[in-house]
Trainee: 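I am attaching a structure below and will ask some questions about it afterwards.
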Amino acid sequence: MPQTENEPRSLSTSALIRRFMPYYRKYLPTLLFDLFCASMTTVCELALPMIVREITGRAVNGALDELTVSFILRIGLFYLLMRCIDAAGNYYMQSVGHIMGSRLETDMRADLFHHLQQLSFSYYSTTKVGQIMSRITSDLFEVTEFSHHCPEEFLIAGIKIIVGFVLLIGMNVPLTLMMFSVLPFMVFFASRFNRKFRQAFKKRNRQVGEINAQVEDSLLGIRVVKSFSNEELEERKFDEGNQKFLEYKAISYKYMAQFGTSNRIFDGLMYIIVVVAGALFIKNGTLTVADYTAYLLYTQVLLASIRRIVEFIEQFQRGMTGIERFYEIMDAPEEIRDAPDAAELKDVRGAVEFRNVGFHYADDTAEVLHHLNLSVLPGQSVALVGPSGSGKTTLCNLIPRFYDVTEGSVCIDGQDVKGLTQRSLRQAIGMVQQDVYLFSGTVLENILYGKPGASREEAVQAAKLAGAHDFISTLPRGYDTYVGERGVRLSGGQKQRISIARVFLKNPPILILDEATSALDNESERLVQHSLEKLACGRTVFTIAHRLTTIQNADVIWVLTEKGVEETGTHRELMARGGLYAHLYRMYTEQPERKAEEDKKPEE
């Protein structure tokens, strides 16, 4: 997959490990005992060559009288004890060690989800949900195995190399140096492949995210897909992404094969050195047969450990890739943050003021709003109208700080919203939007989302106020009816009234209605509009209007264009002025009249 312009720069392995290490802090006793168990299992494995060397030495040197049954039994019992220690240590590593890795993964996932909750709308407008899902699930799965096995494998390999070198150097210095001279070449080739592995696994994991995003997009839009009979098109799009994933996976396996083959060559070279050079040292009398046997066994143990490291390299790189992609999200800045001395918004009256407000999106220098100065009195109803792209929704999004102004300030009851805690600010604001989102769950659960912890009676009362109680009562299980994913089992009007009930339950002093009825049919619009009128009573209300006939009773209407607020006034004042609003209103009302006249004409 080609690198995008905004793709984060890759961090080095050492930098990633340094950032990852603090996650071990909670589990340090478990980790230390896990490493102790790994050390003991390694010592048990290293004991076998010494035992064989001792037995072989006595047998070959003619000291058979020293190779007594008692000695053999003592050796056997000692090795049995070693194997029991090995079994107990291995059990701890496989059970408690793995659980530690899972807990660490759980902590990372919790941190990641918490950070995702803090990120602003601008992050989600440029990031695919499928990519996020890939990182919070499959990428972190890889971290479990990495976090557990990485310390173990490197400790085991280190002990085997150091202890083996110390023991063997005491038997024969030249042969030991010749044998261990192969290791630097193995390390060199491993480092050469390290970067290739990282890039291959990163591309592969990123493509998994692309597949997740494509599947999510296709399944959420399945009704559109079927209505246009585009199943084959979706299958082709999926197949393209699936094949690209196969390509990246094949590349990673090629690198693994090259790395594994080079290590097998070095394995063979090490064996050849020990076999040939060892035989020559035996011939010269500088190496005993017992020591030669020990060398062969140690070579086998050492190479088995190196092979485990080679096999672990794939797991290591998958884990490092998962950690890197984890920190790519964790490093995404929280653009909207509470000030250190942020105050709680209390006793809200609902006065809202825009003071010299200017705004442009972070990835675009073009200003959406420029030097706006507007004020709204407590309990006043304000309607925002104007062509698409004039900044109506953007202006309303500045009130709850979904975005921060780039100049000027937005104030509630005289307090700059930047100086308030986001939680208290947003608890004072209710929103009803055109695109209603219902969570997968019951009707009751979706209403209670407006005020977690509220009673069932409170939710039912909110539904009655929203005009939703009657239709909810006719559902198969009433308030306990499952609404389906995104409320798929309900009509648009029903979903909208549930969302209004949610806001009734929240009972905020400030209300934002963002084209709440524009997607509804006439009957649903009438019912929802009646609910909205009840909801707006006694609150400061901002209504973004698509259907201009719904805002005639607003206290004040703001007409926004790309130049800013061009007109303000009541419906009657603006119609009398004969400006832009009057033009928009006549154009809107003439369309249904013209259609009705055309429908009355007799067919020719």
Trainee: With sequence neighbours excluded, tell me which residues meet salt bridge (Lys or Arg N to Asp or Glu O under 4.0 Å) with Arg103.
Mentor: none
Trainee: In terms of heavy-atom contacts, does OH of Tyr482 have more than 12 from other residues, nucleotides or ligands at under 6.0 Å?
Mentor: yes
Trainee: Show me the pairs that pass side chain to side chain donor-acceptor pair (under 3.5 Å) and involve residues 166-179, at least two apart or across chains.
Mentor: Thr176-Tyr295
Trainee: Do the side-chain N and O atoms of Thr421 and Ser424 include a donor-acceptor pair separated by under 3.5 angstrom?
Mentor: yes
Trainee: Could you check whether atom CE of Met133 has more than 12 heavy atoms from other residues, nucleotides or ligands sitting under 6.0 Å from it?
Mentor: no
Trainee: When you check the side-chain N and O atoms of Glu458 and Ser455, is any donor under 3.5 Å from an acceptor?
Mentor: yes
Trainee: Would you say the rings of Tyr437 and Phe439 are close, in the sense that their centroids are separated by under 6.0 Å?
Mentor: yes
Trainee: Under 3.5 Å, is there a donor-acceptor pair linking the side chains of Tyr27 and Asp107?
Mentor: yes
Trainee: To the closest 0.5 Å, what do you measure between CE (Met100) and OH (Tyr23)?
Mentor: 14.5 Å
Trainee: Between the side chains of Ser120 and Glu334, does any donor sit under 3.5 Å from an acceptor?
Mentor: no
Trainee: By the definition side-chain hydrogen bond (donor to acceptor under 3.5 Å, both in side chains), identify the one residue from Arg325, Arg109, Arg318 that meets it with Asp139.
Mentor: Arg325
Trainee: Shortest non-hydrogen contact from Arg53 to Ala290?
Mentor: O-CB, 3.5 Å
Trainee: Kindly state whether the ring of Tyr403 and the ring of Tyr361 have centres lying under 6.0 angstrom apart.
Mentor: yes
Trainee: Could you give all pairs that pass the ring-ring contact (aromatic ring centres under 6.0 Å, His included) test and reach residues 125-144, with sequence neighbours left out?
Mentor: none
Trainee: If you round to the nearest 0.5 Å, how far is CG of Asp86 from CE of Met93?
Mentor: 8.5 Å
